[in-house]
Every structure is written in C-alpha cells, then in structure tokens.
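Computed from a predicted model, the values in this text were never measured in an experiment.
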Amino acid sequence: MSCRGYEANLADIETEAEDIYVRSILRNVYSTISPPWFWLGGRDDEVEGSWKWSSGTSFTYTNWYSGEPNDISHVNGHIQDHLITGHDGWFDHGSHNVLSYICEKSLSFAIIAPNTLYQPTLYSNVTLECVITGSAIEVIWFKNKNLIEIEGNQRYYGGNISIPSLTIITVEKNDLGYYTCHASNGNAAVKTGEIMLSPKFPASLSLHVPVTRYSPPIASEVTLRCTINSGTPISVGWQLDNIPINVADSSKYSGGNINNPSLTISSVEKNDLGFYMCLASNEIVTVISDNIALLPVRAKPVVSLPQTSYIQLAGQEITITCKVQSPNSPIQEVQWIFINDEGKRVDPIILSPTPSLKYHGSTISNPSLTILYLESSDAGQYSCRARSLIGTTVSDKSASLVIPEIPAVHIAKSLYTVNLQDEITLECTALSNIVLRDVFWVKEINDTTTTVVIGNRFHGSSIKNPSLTISDVDNNDEGHYTCYASNTIGIGSSLPTALNVTGNANITITELTIEGEMINGRSVTVMCEAYVLYAEGTIFATWKLNNSVINPTNTSRWKTETISSNPTNRRMHFRLIVLSLQTSDSGNLTCEVSDGYISSDKKIILNIIGKPIVSISPRTSTVTQGDTVNIYCNVVQSYSVLTSILWYKNGDTFNPNKGEIIIRIDNTHSKLVVSGIQDTVQYECSGINNYGEGNRLVSHISVIKPNGTVSRLCNSNGEWEEPNYSTCISERLLNLNVENLTGVTAIAKAVTVYTKAYTNVNDSVFQRTVQKDQLVVQVGKVLSEDITFPKKTQVLPDWITESTNQVTLSKDNFQGKQPVGYSTTYYRNISDLFHEYYLSDGSAVATNGSYDINSVVIDFSIEPTPTSLKRPLIIKFEHVQVNYSNPVCAFWDFDAINTPNGAWSFVGSKLVTTSEGITVCQYDHTTNFALLMSPGRAPSSHSVVLSKISAVGCGISIVFLVVTVMIHGMLWRQLTCDMRGRKIKRDKAILLVNFCVALTLSYILFLSGVTQTSNKKVCTAMAVLLHYIFLVDFAFMLAEGIEIAISVLFVFATSSRTKWLIPTCWVSPAVIVGISMGATKLDGYGNSQYCWLSIESNLIWAFVGPALTVILVNLIILILVLRTMFATHAMMDKTTKERAKAGIRSLCVILPLFGVTWVLGVFSVNEETVLFQYLFAVFNSLQGFFIFLFHTVFNQQIREGIQTMRVKRADKASIYSKQSSQKTTRESFATSTSDSQRESSDSTSILKAKTLNDSLVTSFENGRNTNQNSLKGDKGIVPENDSKTTTDVHGPVKADNRKQTSVQNKSKSDVHNKKPQQSNDNKDVGLRRSHTVASGSQNQNGEKSHKKDKRRSQYNSRPENISVYYFDNPVMSYEQTRRPAVENPSSTFGNERQRKPDEYQDQRGNKIRWSADY
C-alpha cells in the first residue's frame, strides 16, 4: 500500500526538530531494512537545483549528506531528482527503486502553544497563549496536571471558547509551574505541550556566619555576627530554636535587619540560650545560615547531626557527619549508637582496632562515623554521643541510613489454572526499600520469551498493582510467567508461575441414587454417576454427611469405591456402602466429584427410620398419700406414623386400677392420671411403630404416709438394706396451711426440728423433697460436694425454678468422710405473719414500717451443726417488690428476749452485692433467713436527664448515619473505582458503610426494645438482639482498627481484607450469643427493669469481655498509629502547636471508629461518678453523628465526589445546550462526502488509539509523579494519560497539526510466520490508526511492488512483543531507557519499552504527531 492508500502524502521535513525526531525512530529499524533508505516528499524535477516539497513549498531546512546532492544525471539510465533519507543524511535519487517510505497526513482539529516558556516579574500580569485550529466546544486549562477553576476567579481572564489564551492577573509564587491548554470539538480532544511559567531569577543570595558558638556570661552583651555574601535581600530575620524572633518589638535586641544583619542581645538571660539562625529572603528564595550556638559558660557538649538521612549502596563507603561543640570543657569521648531496622540496639558501636576493618572515626578530633564496605545489616538509625567533664549529650535527632536493594518479587502461586474465556489474576507482590520505577511481566513458552504488553485483555502490571490480570483467556495465553520490578539499583524477578488453560473442562453429576431401605440397623448402597469432560487431574469423589467429610477406615461402617469408567472417560461411577444404619446417620449426604481444579456436587437426603424415642415427666417425685399425680409421656422422635404409646407399672404391662386413667392427647402425647395414690410405685412408658418398640423411661413416685415408721430390711446375705423413710413425716408439716396460719414462727421452728431429725435417721447419701403450695422442703445428705439449692436439674414449683433465689454452702465446711445432713426450706407469702421486731444493740425494736421482708424466707441447717463455718453461707435473694431500697441481710432469732416468738437479727450477716432485683448475703451460721428492705425508693435526680440525653442522641445519630450511608451510596463509584471505571481497593469505605448499618440497627433496637419489660418473651428476645447487634458494633470497631493499623504500620500490605473482615464481624458475634444462650438457657436475658443482660448471673461478661478486649486492642493500635505519625519527618519538622493540632485532628477522625469512648462506661458504674455517666451518655449516643461529621462532612474525597457530580451535571447541561444549537450543523455533516466521513472516523480512531497507547507508558520524568486526569465521557476531555503516562518531550518543538507522519518498513525477513491472534489483530488496528503504519513498498510514482502480498503476510505475522524506542526525558541516556533483553530472541528489535508518541510544532503553528510501527 502507498501513502495514497492512507489518504496521505510523502513527508515534508521542514525543521531540524522534525528531522531529529524522525531519525530517532528510524535508527531502530535501519538494521532490519535493506536497503536502509526511505522516500521523502522532496524533488527538483521541474527546475534542477530548486528543491521543493510535495506541498509546493521550497526547502528552508536541509540535512544533505556530504557531497549531496551530487545531481548525477544518469545512473543506470535514471535521473536523480527525488529525495531519500538514510541514517546519516539526505540524498538525491532516481525514482526507479522500490524503497520504504515516510508518510504524513493532515489533521482537521489541532491546538498549539506559540510560546512554551514565560518568565514574568512577580506581581505582574502574563498571558499564556493558546491557538486552536478548528471549532472547539470546550476549552479548559490545567496547572501541574490539576484542573484550573477559571470561572468566578477574578485572577484569571480568558481560557474559554471565545478567548483560549489564559491571562493571569498579578502573578504570585504559587502560580509558577507547568500549564497545558486542552480543547474538545465533541469528537476529538487535543492539548498543547507543557507551558512553563517561571520567574526572572534575581542575583543569587547567600549568608555567612563567621562564628557558630558563643558563651557569654549571664547579663552581658553579645553580638551574633551574620553577613550577606551575595545578592540583595528584601528582609532579614532571626530564629531561636526554630521560633522567629520579633526583633523590632523588643528593646533587648538590636540589628537583625537589612542594614545590619548581625543580632545584638543587650543583656543575655538563661532563656536566651539555644541555637540561633539568620535568615534572608528576596522575591524568590529564603536562605538560612548554619546553627549559631549560644551556650552558658559551663555547658554540656552540643551534639548535632547536620544531615539526618543517608542512602548508599551496599559495598560502598559512607560517612555520617557529627558536629560536637564544647567551648567550656574539653571533649573526653565520642561514641555512636546504632539501632537496626528490626529494633536491635548496639550501644556503643565498637570501633575497628586496625584501619582495615569496618568502622572509623568517632574520635575527639573526628567525631563523624565512617563505615566501610556497607552491608544490608548496616541500615538503621545512628545517634552521636559526646562526653565532657561537665556531662554527656546525645544528638537530639538520629540519622537514618538506607541500603538500597533490588526489589523482592514474589508470585503467590506456582500454578494457575483457568477455563477458556474466563478471567485470571496472577498475584504478584513487589517490595522495595526505595521507590519502584517499573513493573512488567515476561511470558515464556517453548523457549521463547516475550514481554506482556498491557492493554486490551491484559491489565495491572503497575507499581500500584503489580499483579497481572488476563481477561477472556485463550489457549495462546498458556505458558510460564515471571514478574519483574525495577528500581534505581536493579531489577528483581520472581520465580516463574505456570498458567494452564483448560479447554472447556466440565464435571457434572448426573445421578445420585440409593439402593436399599433406610431403616435403623439395615445397610444401603449409594451410587454417584458423573459426566467428565477434559479433566486436568485424577478424578476422585468426596462424600460428606451434613457437610462433614466421610473418611472410611477398615473398621468403620462406611465403605467407598470407584467403579471403572468407560473407555471414552466420559462417565464415571462412585459407590458408597453404609453398613448397619443408625438414626444419627440422617441428614444431607453429598457426593462431590473433582479433578483437583473444578468440581461438581449433588445432595440426597438420608431419613433413617428407627424405633420411637420418648420422654417422661416427672422422672422422680415425692407426694403425700392420697394426692393426685399427673405423669406425661411424649414422643420426642417418631420416625414414622406412630402406632401407640405403651404404659407399664412396676415392670409389668399396665392394667389400670381404680383411680388410674390414661388420657391419649394425640399420637405423640399421653397422660397418666393417678388419683388418691396410696403406695410408692414405678410407672414406665415407651413408643411403638411398625419397626418396633423403643426404650422405656421410668417415673418413680414416692408416697409419704402420715405418722408412719421407718423400715429397714435384712437381705438373704444377712446385710441391712437402705432404710425406707417414705412413711415417716411430721403431722404438723403435712397439714401446713399458710393462708390460715397465725403462728408461723412455730411452724418454722417445727420444720427446723423435723428436718434435723430426718437427717439423723439416714447414714447414707440421699435426697428427699416435700412440695406444698407455700413451701418446699428438701432434706438429704451429701459427701464431699457443695450444697446448692435449688439445682437447675430438679423438678420444682415454678415460683422456685423461675426465680434467682439460691442457697450455696461450700464443701470446705465439712470434715471427715461421713455424709453430712442438710435441710433447706423455702417459704413464700408468709412475710406478713412474722412479728415486726428487729434487734438493735441487744434490744428488740419495732420496725414501724421502716423495714419489710422483701424476699422469700429460707431455712437452712446442717447436721451435725458446726460451732462455726469455715466458709460463709451464701444466699442469693430475689427482690419480691421493686420499689424498695436499703437492703439488710437478716435472720430470725427465736431466742430474742422481750419478744413473743423472736425477732430479726443482723449479727453474723453481711451484704455482699445488691442491684435492681437481686441481693447477695453471706452468713456465718445456719437458721431462718430473709432480706429486709426499706419501702419506697426515689428515682435518681439524674436518671430522667440521662434517659432524655440518650434518646435524643440516638435519634440524631440514626438520622446522620442514614445520611452517611446514602451519600456513600451516591458516590460509590467515585469511592470504589478509579478514573477509568476500574474497581480498586476501597476497604475503608466498605467497612465504614457496614459499620454505619450495624450502628443504626443497634440504635433503633435500643430505643424501641430496651424497656419492653411487660412481656417476658419479648423482653428476652430484645435482650438477645441487643446483645448480638452491640457485639457486631464492637466487631466493626475492631475491624476499623485493624484496617487503619495495617494501612499505617504495614506500607506494602496491598491485598484487600474485607473478604474476611466483614463476614467475621457479622458471624463471630452470633457465635458468642449462641454459646451464651446455650450455656444460660436464656437465664439472665432481661429483668424487671431493662431488657438487657443480667449482672447477677454474670451474663453481662459475655458482652463486657469482648467489648473491653476490642477497646484495649484499639487503644494499642491508636497509640501505635499516633506514634508512627509523629515519627515521620514531615511531622517532626512542624512546630509543637502544629503537631498538637494534627494530633487532635487525627483523634477526632479515629476515636468515633475505635469505640474508645466506651471506656467512660467503666467509670460510670457508681452513682457517685455522675460526670462520667453524662460523658458516657453524650459521646456514645452521638457516635453516629461524629462519624458523619468527621468521615463525611470533613472527608476530602466525599467533598471532591460531590463537586465532581455538580461539575458533571453542569457539563451535561452545557453540552446539551450546545448540541441543540448545533443541530443544523450536525445534519449538514451527515450529508457530506465519504472522504470527510472517513477523515472523522480516522480522527476518532486516532483519539482512541492515543488513549490506549498512553496507558502503556511508564513515567520516568525526573522522579516527578504524574497525576491522573479525569475522563469526562464522550463529550468531555479525554485524559492525557493514566498513572503510568509521561509528559511530552522537552526541548525543540515543531508543530503541524495538519500532518501525521509514519514510517513504512520494507523488510524481507520473516518473523517465524507465527499464526495471528485475534487479540493482536485488535491491537494492530488501534496502533495503525494511531501511527498510520503502512505495510509494503512503492516507488516514487506510487506504483506498488510485486512483493505486496509477502509484505502484508509479514506484517500480520509479526510478534506482539515488538515495540518502539521513544525518548522524552533529556537527562536519561539511551541505555537507561532499555529494559533487559528478555524479549523474543528471534526479533531484532524487541527489547525496548513502549512509549507514547511525541508532539512537535512547526512554524505555521500546526501540530504533527510522529510515530512508527512495524
């Protein structure tokens, strides 16, 4: 194809800059083209010696080779009147040869900057010129890659469609920098090169201080000398210890100005001692003198490190400078202290005894430290220490030494497997102790290596994201990949990882069946059939029961085997045999078939049918002769339709007698009613279905007969059996009737006497319980165990089991190996029957309503009665009434004098703890006990206020938390995507939104449910929910702390943590709550006051424990983060006031997330600490508001996102308006010629290709980081480059916006004839449009060569790793821009980095883009 095929002409070279740039491209291909010459557009065929370009203009610039043009009229019969170029100059040549050629093409829309350097005087006006060719719909300006807000700013004029040039009113220092003008016509976007705005530099400015230390006597005068060596300052100032001195406003100072830079202190005081610096400034720069030490007459040495940061290569030598000043006492010793990067301290550094070893210096005459033959272990912090006769001083700052090393590169896995057309990420981490310069990947297959070109299907491979992501994977992507990273020291590489592409591999389980009956005791066989296609590894099956893997052994009931597959390896069968089924085998059985890479599973339900399981209640019971007994039998597990429930009596089939009735409630529930029971009896029940009868359960009923006797039998061996006490009971106890009783103290005394006598007639361990409506008596004996009543396993009346009353006596009070008898009696509803007396100083005093019994009355005694208790008796009383206060632990003293039958006494009693509903007492004796309390309790004066503060604060937090979540939802794309719409890691935003949702739920549940005490079940449910959601809040507080700690303390931690942090935050609290519910059986969830966790049952620790742990961890993280922040150089350079402000700002941001304010709750547990109660209520109820304030309102990213949304809306409105006004113009374009359509299409293609090419460029612009510009859409401005692009070339520029030049390669070499790939074709299209690449040859007259087909085949089969040399950094040598030779060795030029094309300007103000592709 010729230049005409590209709608272009042979190139005109009209400036030196244009010629230099073309040669910089051509020198890369000279060695591959034979002959190495190219046609240009020059000719002198009209008038000999009058050379003109194809555009008709005469030559104004030439680069003839020596002796050219020689105008040899006849060479092989041809006239030399056309222009060619080689690597060393121009030649005239005949038109008969077939050579490669260079083309140029006009562009219809362009922009230029006539002047690229402006040097105005400060505070004057300057106009940065911008000339646009064509019609633009938008003009914007950037300064240092940042958009300039021109509209509404009175310091700017122009910079719009009408006046593209930008005028800056009153230039200031912060206006200096690099500017670019951008324009868009709706289809294409263009920009100028960088326009530099720098001031006119005045004469250099320098200071000199002849003396750097002074030691004047106190109250004397001293002059600190300072002279201006060069330049004219506009101001002179002084600083003392980095704090400016106000010389003019203090009478003690003189001088320190332009006329007299030296500073005189009239009367030196102690606070004048320190380090002084002289400062001088002109319009541009401020220079600072060396430190001038003003020391007392007898002062310790002054030690300083002039330089605090060093970087040196391993194996080299370095000297860390130390300055020591001691004017009053000679230095006795100089030492150095070293702390390495792991924190190991060497104090002091041992110097080398001979010159050939490692360390030198550190002497009185030379305090600096010289280190020879640096090693990586020498990196760390160095401090200098000097000792004189007066004292020892260590340098206030340490010097850091960094030993640069090549990057450490690691790939996560050695093998990756991916299916065709899927996406895969090869994870790579690159660690470097200095700044990384580049990251790239190399692919090797069949001993051929190629560099992976980022773009199209390949993403990542950047400094920020070293990992390589391949989308739409095809078979050609298989191979071994190596990750490389470079810094200024060298290039580090990872071990290669293999990428295995599976061809539509598939595993599908087609059938899962069971053979045999699923009946308890029988065996079944399970068959699993799988369809397998393109398996990568060995096919195997994994069996799971209820998600637990089955691992058969030789002795287990489970057997697995694989049945041979058919020859085509498409269907495979797996068998599972289960012997002797058990009901516990019921559940989900899963068959999972896998080849190690992909898997498929299928489930089937096992429902094992077994014999029924029943429960019976009560299991044991003691009743009085003639009572009515109800026994319940329920089927717990039936497995099938139940036939019936069977009853037995004393081991025989049950035949009901008089008074025995069986009531069948339904198939699974039956009730046995025994009226007027006479004798002790044993009943049993079982369930029966069509598979058999289940196990029997026993209910033992003991019958107590009045005025009975104790019996004891002698067995056939002549041994006494256990005594039978079932017929021995007191008549008064049996007939106890509290409602009609007036002598309650007599009954209490009688019960005490009876229980003591009962325990004395039995020598073995036993337990008996007597239940009446108003009292429960338990007698028994224990051996080596604590006595506790009631126990949770006992069947007792509800008024006992549902209360928290409990008696506990430690086994430490029992001596010997004989059982100890005890008796416990609970009375209720008898408090009004006791006499209202209590003992005070030995005298009986009437209560007169000051005390009431606010608990059950408990009688406890042990036999034999001890003289004293080693461990006190602990009784937990539940309050009967809530409106009582001032609890007092008391017991009933039957022997109190001057009383009818005794009085309440407090001797030997002690109150342990008390709360809203429970009081714990301890006693040093046994008798009848109760809790006395004063009626009535005035609510705390602060309770109402605190409740209102909490309610209002929670309401405010709910509103602002919802607003926070809504704002993050609106700006989610800006928070979680980069400027190109690609997903990036935003762990903080995701964690914050989850935390806000959890905190909102907790506030809502707290306000709506914490006081729902009227319904016990509802209150319990609310307490469980509040327990869970508050633990979720603390889990997210811990997650926020972990995220901030990793971000601040571990610089190279780049992987996302939300994939495990967020599930953990929601699930782990549920585990804690579930364990708490199971352990307590919901006991302690809610009370009569609040629906929250009980303090008395210690359930509160299920919340306080995790919460305090989170607070402690977050406090540690907070300290580490603040310590790290204040240790940075940027922070240490600030003043104390600035550091304090920065610390306060950091605390305001971190504290709402860390939950540290909950520590106030620890100090607010007592009523005396009212201040902490108020602080706790305010800070924690407003936690949501603080999160909104510091993480939404003051969040710079949120504010920028909102501003971007406003700008986009304004832009859309502006573009819509402009489009409407230009509708007629667009319609005329639609009817234009096909040539203009193609030209517009080519412009769009070139724009898209430029964006693609820019993404392949890595920034090497003298260490300056380039920022990513915003992409505003189809109608907006296309970004100049992404985070890896470079700026345009500096130096001579040429512009011709109406031309684009490319190089046509006419090489005969065949590059392996590699099969073309779709991905390469797509890439080639983009590059051809961008660079206007031609494939083939033509002669001067445009005739095509007969080798066209061969050239096209050669172009299509070129390897994808071929790239181009580009140069845009004038300080980098040719070798510095080259990558290591890891490309395809078969390619002659494949080892270079791909750079974006440069732009030049010509004399006509047009811009031309040069490029080449091969």
Practice task
For the residue pair R437 and T488, establish whether any side-chain heavy-atom pair is separated by less than 4.5 Å.
Solution key: yes
Practice task
Step through the shown structure and confirm whether more than 12 heavy atoms of other residues, nucleotides or ligands are within 6.0 Å of NZ on K52.
Solution key: no
Exercise for the section: Please report the closest heavy-atom contact between E149 and Y156, naming both atoms and the distance. Expected result: O-CD1, 4.3 Å
Practice task
Give a yes or no on whether the backbone of E129 and the side-chain of Y118 come within a donor-acceptor separation of less than 3.5 Å.
Solution key: yes
Problem - Side-chain donor-acceptor contact under 3.5 Å, T180 with H182 - result: yes
Problem - Minimum heavy-atom distance N185-N187, with the two atoms named - result: OD1-N, 3.0 Å
Handout entry: Test item: L128 and I168 side chains (from C-beta on) under 4.5 Å apart, heavy atoms
Key = yes
Problem - Contacts of N125 that satisfy side chain to side chain contact (heavy atoms under 4.5 Å, CB included) - sequence neighbours left out - result: I169, T170
Fill in the blank from the handout: Heavy-atom nearest pair, N282 first then K173, reads O-NZ, 4.4 Å
Handout entry: Pairwise side-chain contact, L10 with Y101, heavy-atom cut-off 4.5 Å (strictly under)
Key = yes
Problem - N63: partners by side chain to side chain donor-acceptor pair (under 3.5 Å), with sequence neighbours left out - result: D19
Problem - Sub-4.5 Å side-chain heavy-atom contact between C3 and N9 - result: no
Completion exercise
Looking only at heavy atoms, the pair that brings A136 and A183 closest together is CB-CB, 4.2 Å
Practice task
Would you check if S281 and P233 make a side-chain contact, meaning some heavy-atom pair closer than 4.5 Å?
Solution key: no
Problem - Separation of L207 CG from I228 CD1 (nearest 0.5 Å) - result: 4.5 Å
Problem - Closest approach of E14 to Y61 (non-hydrogen atoms, all atoms of both residues) - result: O-CB, 3.5 Å
Handout entry: No-hydrogen, no-angle side-chain donor-acceptor test under 3.5 Å, S230 and S206
Key = yes
Practice task
Please examine the side chains of I132 and V139, heavy atoms only from C-beta on, and report whether any two atoms are closer than 4.5 Å.
Solution key: yes
Exercise for the section: For residues I140 and L147, determine if any side-chain heavy atom of one lies less than 4.5 Å from a side-chain heavy atom of the other. Expected result: yes
Practice task
Return the orientation label for the W90 and F59 ring planes: parallel under 30°, perpendicular over 60°, tilted otherwise.
Solution key: perpendicular
Exercise for the section: Taking the side chain as every heavy atom from C-beta outward, state whether L166 and C181 have any atom pair closer than 4.5 Å. Expected result: no
